[in-house]
Structure formats: structure tokens, C-alpha cells
Visitor: 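To start, I am sharing the structure in question, which I have written as C-alpha cells.
In what follows, chains are A, B, ... by sequence order, proteins preceding strands, each numbered from 1. In this text the structure is predicted, and so the values were computed from the model without any measurement.
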Number of protein chains: 2
Amino acid sequence: MVLMVVTKYAKKILEIVESSRSHMTAEQIFEQLRITYPKVVLATVYNNLNRLWDENRIRKVSVEGMADRYDRIVRHDHLVCKRCGKLLDVDLGDLTVQLEQKAGISILSYDLKLLYLCEECRTNTKQKGT
Amino acid sequence: MVLMVVTKYAKKILEIVESSRSHMTAEQIFEQLRITYPKVVLATVYNNLNRLWDENRIRKVSVEGMADRYDRIVRHDHLVCKRCGKLLDVDLGDLTVQLEQKAGISILSYDLKLLYLCEECRTNTKQKGT
DNA sequence: ATAAACATTAGAATTATTCTAAAAATGGTG
DNA sequence: CACCATTTTTAGAATAATTCTAATGTTTAT
């Protein structure tokens, strides 16, 4: 149970997620994967993403009300525009130890999102919409 | 634009969310609301939840792959079981200032989830890694 | 009282994601 | 290699969650 990611699809999917800095959705990963393997099916992408996530090889990022996004595992945090959902990377350093101490429990990882209003949303309009 | 939450539905929904400690889904809130207003419709619940969230009167909590949950605004963090998605409250104190400093940006709020494996999931099965 | 603005409804429509069962690929064994 | 067990992929149906649309109802301000 040490060697994982054997299939070509899993391998390529991991590659896609890791080489992208753009928090792709399953659908986008699917499109990307299709370039190399035109026969592949969306369910396969979901299967593999779930497996990779289970094995801690990718991160899953969920923003309220939007499709889940997948991200490389390298630790970093996210800045999320509360209005349009735009996601940016930001690195606040590793808070694991601090958090474990405060919580008094040992954790697998943590997920930190800072909610703000992006430039556009701030200037554009004061009501909702992207 | 200062007085909000005027309608009976919004009022009651806010009441339900605030008086519950259980991170309810829209569906559950709907059921609860129906006790008082049997005529109400699910879309109304979504409309109101979205409005309340927009107005910062409730929190929305999303756990990967599950329906969004709604929560009172009182600051606290969450412990999420990575396997079963179970959600628990935990309070690590207010990190806003620290985070704003590290990020060098002013934020509306933040969302911190600690991922762990709950007792049950830890003992139950060892398949799927971890 | 009337018009403008906002809220609610019903149900269809859209998305995202999982499930199911069958077919295909892979792996190890004798 | 030949066989069986296991895992992966496929296609498409199924399930959820959430939004949209258009009509209708309610409230507010004039």
C-alpha cells in the first residue's frame, strides 16, 4: 500500500492538477485530459480525483455554492472573493502546530480561507452578481 | 439600506439558524420552517439564506462534496472529519488581526477548518488509505 | 390609489456528482 | 502462457443541490 497512482489517467490527472496554478474544476480537468486521451469520460475524472484526494495527493477546495476545485498539495492558503468566488493563492505559513495546540487535537491538515472583496467587485457594483 | 430582514420568512429563518447548533442544510431549515409556515417553498428558503448570507447575518459553511450548511455568525471554527464530513465546533480564538497582518490585506472574515479523522472513522475501517 | 419595488411561488432547468452494471485492462500464479 | 481475481473504465441513468423564470402577491412611497 505504498505505491499509488498507477493508471495512466490518474497519473495524467495528477500532472494536470500539479502543473496548474488555477484551481481547476473537475470539468476543466476533464477538458484538459481529453487533449491527451480523447476517449476518457467524466466519471473517470471524478473517480480519480476522489482517489487522489483520499490518498492525500491533491487538495480539494470548496467555495460555497460552487463546484469543488482541485489544487496541488503544496501548502498555501486561499483568498476568496466573497462576491464572485474568485480564488487566489496566499501563503500565511504553516500554522499546524499552533492550531493543534489551540485545538488540543492532532489534525491531518487544515483549510484556511480569507474572505474579502476583490478589486473588481469592490469598484463595480454594490449589489450582488459576479 | 440599514434595516434588513423584514419579512416573516427571513426573520424566522434567521431565528432557526441562530438557535441551532447543528449546521443545518437548506433542506433541514426548510423542514423546520414548514412547522411554522406550512405553505413556504424551498426556493424561498434559498432566497432568504442567500440574502442573509450577503448581509453577513449568517455564515455558510461548505464541506467538499456536501450540501452547504448554514451557521450562526458568532465566531468559531470547525473540525471536519475528512472521511465522513462530520462537523464540530471548536474555537481557536480570533485570528483576524494576525491573518490580516500576514496577508497584508484587509479581510471581511475568514474560514478555518481543521481536517481530522473522527473516532468512528478512525476505528471503523482502514481501507482507503490513512 | 397608483406605480414602483420587492418577495413569494411553482415548477422547470441546470449543475455537480455519484451510482450501477457491464466491459476492459492488469496482475499474479501455477 | 492461461486463468482467475482485482481494479479501472465506461456509458448512461439517477440523485441532489441550487438557481432560474415568469406569474402573482405584498408593501411602500408618492
Visitor: May I ask you to decide if the ring planes of B:Tyr37 and B:Tyr9 are parallel, tilted or perpendicular, using 30° and 60° as cut-offs?
Guide: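 B:Tyr37 vs B:Tyr9 ring planes: perpendicular.
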
Visitor: Please state how far atom CD in B:Glu64 lies from atom P in D:dA17, giving the value in whole angstrom units.
Guide: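 Going from B:Glu64 (CD) to D:dA17 (P), I get 16 Å.
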
Visitor: Over how many whole Å does the gap from A:Lys11 atom NZ to D:dT8 atom P extend?
Guide: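 Distance, rounded to whole Å: 14 Å.
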
Visitor: Please state how far atom CZ in B:Arg69 lies from atom P in D:dT18, giving the value in whole angstrom units.
Guide: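 Going from CZ in B:Arg69 over to P in D:dT18 covers 10 Å.
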
Visitor: Rounded to whole Å, how long is the line connecting atom CG of B:Asp54 with atom C1' of D:dT19?
Guide: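 Computing the B:Asp54:CG to D:dT19:C1' distance gives 14 Å.
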
Visitor: B:Val40 side chain: which of D:dT9, C:dT9, C:dT17 is closest?
Guide: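 The nucleotide sitting nearest to the side chain is C:dT9.
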
Visitor: Verify the cluster assignment for B:Val90 and B:Leu95: are they in a single hydrophobic cluster under the rule of side-chain heavy atoms below 4.5 Å apart?
Guide: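 Result: yes, single cluster for both.
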
Visitor: Nearest whole angstrom, please: distance from the P of D:dT27 to the OH of B:Tyr9.
Guide: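 Spelled out: OH on B:Tyr9 to P on D:dT27 is 11 Å.
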
Visitor: Please tell me whether B:Asp111 and B:His78 have a donor and an acceptor in their side chains that are separated by less than 3.5 angstrom.
Guide: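 No.
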
Visitor: Would you indicate, yes or no, if D:dT8 has its OP1 or OP2 atom less than 4.0 angstrom from a side-chain nitrogen or oxygen of A:Thr7?
Guide: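 For D:dT8, OP1/OP2 do not have a side-chain N/O of A:Thr7 under 4.0 Å.
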
Visitor: Return the 5'-most residue of the pair B:Lys8, A:Leu42 with respect to DNA chain C, ranking by each residue's nearest nucleotide.
Guide: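 Here B:Lys8 is the residue nearer the 5' end.
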
Visitor: On DNA chain D, compare the nucleotides closest to B:Asn47 and B:Ala67; which residue's is nearer the 5' end?
Guide: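 Comparing both residues, the 5'-ward one is B:Ala67.
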
Visitor: Return no unless some side-chain N or O of A:Arg51 is found under 4.0 Å from OP1 or OP2 of D:dT8.
Guide: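 A:Arg51 to D:dT8 OP1/OP2: side-chain N or O found under 4.0 Å.
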
Visitor: Rounded to the nearest 0.5 Å, how far apart are CG of A:Asp91 and NZ of B:Lys102?
Guide: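 These two atoms lie 9.0 Å from each other.
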
Visitor: Mind checking if A:Asn50 touches a base, just sugar-phosphate, or nothing, with heavy atoms under 4.0 Å?
Guide: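 Touches sugar-phosphate only.
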
Visitor: Among C:dT17, D:dT9, C:dG11, which is the nearest nucleotide to the side chain of A:Tyr46?
Guide: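 From the listed options, C:dT17 comes nearest.
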
Visitor: Mind checking the CD1-CG spacing from B:Ile29 to B:Leu49? Nearest 0.5 Å is all I need.
Guide: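 Separation between the atoms: 4.5 Å.
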
Visitor: Rounded to whole Å, please give me the gap between NZ in A:Lys60 and C1' in C:dT18.
Guide: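 So the two atoms are 11 Å apart, to the nearest Å.
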
Visitor: Please state how far atom CZ in B:Phe30 lies from atom P in D:dT19, giving the value in whole angstrom units.
Guide: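 Rounding to the nearest Å, CZ of B:Phe30 and P of D:dT19 are 15 Å apart.
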
Visitor: Within this structure, what is the CE-to-C1' distance between B:Met66 and D:dT18, rounded to whole angstrom?
Guide: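 Roughly 16 Å, once rounded to whole Å.
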
Visitor: Would you say B:Tyr37 reaches C:dT8's phosphate, i.e. side-chain N/O to OP1/OP2 under 4.0 Å?
Guide: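 No.
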
